[in-house]
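All figures in this text were calculated on a predicted structure; none of them were measured in a lab.
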Amino acid sequence: MFRHDTVLLEETVDGLNIRPDGIYVDATLGGGGHSAYILEQLTTGHLYAFDQDSWAIQNAQERFEGIDTLTLIHSNFEHLKEELSSRGITGVDGILYDLGVSSPQLDMTERGFSHSKEARLDMRMDQSQSLDAHEIVNTYTYEQLVGIFFRYGEEKFSKKIAREIERVRREKPIETTTELTEIIKSQIPHKFRRTGGHPAKRVFQALRIAVNDELGVFERSLEQAIDLLNRKGRVSVITFHSLEDRICKQMFVEYESGPELPRNMPIIPEAYEPILKRVNKKPIVADDAAIEGNPRARSAKLRIAEKQK
């Protein structure tokens, strides 16, 4: 069963100002928590829910069977415009993203996301794609590995870890999550293992981002989402690490700022008016009770913006 505790459920969906007759998109269906809450509020409106994970789609088909205000789309949210356009949709009233990995994906040992459970190195969200963590760990150059670990994991011992991976794989391929975890732990001094969570979590995060091109896909999709929004339509984004949050914040600020105005202009022409307005300047975070019930909510940050024209 696909059991997943949805993070910031009310804050994310209520922030979209749902209209019963509106058109909405859940770009990250996952366990279907946000979708279910949106569907409760629709009458003649419609929800389009995306997920590249066939298991999530299959579970949603069972959970939402018979609901005709929902269309499930088995695709990466990078193809937002293309998929919606093929269904005759060119404008929407709200879009949400929950960029966390679903609990069931983390909990399914064979998906290889967890550093604490033995599995083949995989980490693919879309299991039909060819690139996986095994290929990156065993074939990428030292420089490529250092770049991934440092850029996507902000791992200060990236060079030592990459060098040790090179040494080990000369003897035999690195096959499993636990093999990689032991290599990482061996290169991080004891005193640095006491803080910041499990010593392997930053490299595992970096590999997951690289395997799935998570940051590039998110940036390209958010551009499409802003373009798709109708006037007064809203976009809600939940991020789980600083790299995602930085992209979201910078794009919202960029679209809120608009082009630079000529000096002494008495009236702002429409072309210079900003495209977005941030609903919340500072990110919304989970409260203590929510974190106690779901520790993964601790790092969640929610940003919401509204289309102005």
Heavy-atom donor-acceptor pair, [X] side chain to [Y] backbone, under 3.5 Å:
| X | Y | answer |
| --- | --- | --- |
| Lys307 | Ile226 | yes |
| Asn76 | Glu78 | yes |
| Tyr24 | Arg19 | yes |
| Arg169 | Val137 | yes |
| Arg124 | Gln129 | yes |
| Arg87 | Glu83 | yes |
| Asn230 | Gly233 | no |
| Ser221 | Val217 | no |

Any idea which heavy atoms bring [X] and [Y] closest together, and the distance?
| X | Y | value |
| --- | --- | --- |
| Tyr37 | Val13 | CD2-CB, 3.4 Å |
| Asp98 | Thr28 | N-OG1, 2.7 Å |
| Phe113 | Met125 | CZ-SD, 3.9 Å |
| Thr177 | Arg120 | CG2-O, 4.4 Å |
| Gly33 | Arg63 | N-NH1, 3.9 Å |
| Gly30 | Asp51 | N-OD2, 2.8 Å |

Atom pair [atom1]/[atom2] of [X] and [Y] - distance to nearest 0.5 Å:
| X | Y | atom1 | atom2 | value |
| --- | --- | --- | --- | --- |
| Glu82 | Ser75 | CD | OG | 7.0 Å |
| Asp122 | Thr176 | CG | OG1 | 12.5 Å |
| Leu207 | Leu121 | CG | CG | 7.5 Å |
| Leu80 | Glu223 | CG | CD | 12.0 Å |
| Ile161 | Gln187 | CD1 | CD | 7.0 Å |
| Arg167 | Ile183 | CZ | CD1 | 8.0 Å |

Do the charged groups of [X] and [Y] touch, with an N to O distance under 4.0 Å?
| X | Y | answer |
| --- | --- | --- |
| Arg303 | Asp245 | yes |
| Glu256 | Arg278 | yes |
| Arg202 | Glu154 | no |
| Glu273 | Lys309 | no |
| Asp93 | Arg231 | no |

| request: Give the cluster check for Ile165 versus Tyr140: same hydrophobic cluster or not, with ILVMFWY residues linked at side-chain heavy-atom distances below 4.5 Å. | output: yes
| request: Check whether Ile174 and Phe149 end up in the same hydrophobic cluster, where Ile, Leu, Val, Met, Phe, Trp and Tyr are linked by side-chain heavy atoms less than 4.5 Å apart. | output: yes
| query | Relative to each other, are the rings of His198 and His115 parallel, tilted or perpendicular (30° and 60° limits)? | reply | parallel
| In a check of side chain to side chain donor-acceptor pair (under 3.5 Å) between His46 and each of Thr69, Asp68, Thr71, which one passes? | Thr71
| request: State whether the number of non-hydrogen atoms from other residues, nucleotides or ligands found under 6.0 Å of Lys160 atom NZ is greater than 12. | output: yes
| query | For the ring pair His79 and Phe77, is the centre-to-centre distance below 6.0 Å? | reply | no
